[in-house]
Amino acid sequence: MSLSLQEYQNLLYGKLTACKGQFDAYLSENGYKLDFNTELNYVYQIVMSGLNVEYSFPYTPVESVISSFL
């Protein structure tokens, strides 16, 4: 079963926002100063810009995108 564009957008955004705690913990442990929302929007735009491009991020499992984000 394939997802509609809206379903994919919702899934990706939901999974990205759900990992905020992990993201913040990593930053805290390593002394980095990054804004979660800025980084989330950057990754989201990169993934969504690959729509209709063969073998781009939308063809990658969402879990792999999240792992790369973290």
Side-chain angles (χ1 to χ4, degrees):
M1 181 175 114
S2 63
L3 298 172
S4 71
L5 175 60
Q6 187 64 50
E7 290 170 328
Y8 184 79
Q9 289 172 321
N10 292 342
L11 175 66
L12 177 62
Y13 192 81
K15 294 277 187 173
L16 285 169
T17 56
C19 68
K20 184 178 185 328
Q22 290 173 279
F23 185 90
D24 289 341
Y26 179 81
L27 295 181
S28 178
E29 290 172 12
N30 294 286
Y32 294 120
K33 305 251 188 255
L34 297 171
D35 178 66
F36 176 78
N37 291 321
T38 300
E39 300 302 317
L40 178 143
N41 288 324
Y42 179 73
V43 169
Y44 181 82
Q45 290 302 319
I46 288 173
V47 172
M48 296 311 295
S49 71
L51 290 176
N52 301 319
V53 176
E54 193 171 1
Y55 304 115
S56 63
F57 279 114
Y59 295 95
T60 304
V62 171
E63 291 76 19
S64 295
V65 173
I66 301 306
S67 292
S68 296
F69 175 64
L70 291 173

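The chain is numbered in sequence order, starting from 1.
- To the nearest 0.5 Å, atoms OH (Tyr42) and CZ (Phe69) are separated by 12.0 Å.
- The CD1 atom of Ile46 sits 11.0 Å away from the CG atom of Asn41 when rounded to the nearest 0.5 Å.
- Rounding to the nearest 0.5 Å places CG of Asn37 at 7.0 Å from NZ of Lys20.
- Side chains of Val47 and Tyr8 form a contact here, defined as non-hydrogen atoms less than 4.5 Å apart.
- For the atom pair NZ of Lys15 and OH of Tyr44, the computed distance is 15.5 Å after rounding to the nearest 0.5 Å.
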- request: Begin from the C-alpha positions of Leu27 and Phe23 and carry the test side chain to side chain contact (heavy atoms under 4.5 Å, CB included) through to its verdict.
  value: CA-CA 6 Å; Leu27 295 181; Phe23 185 90; 3.3 Å; yes

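- One distance of note links SG of Cys19 with CD1 of Ile66; it measures 5.0 Å at 0.5 Å rounding.
- Summarising the geometry of Leu40 relative to Tyr13, their closest heavy-atom pair is CD2-CE1, 3.4 Å, with the distance given to 0.1 Å.
- A donor-acceptor contact closer than 3.5 angstrom links the side chains of Gln6 and Asn10.
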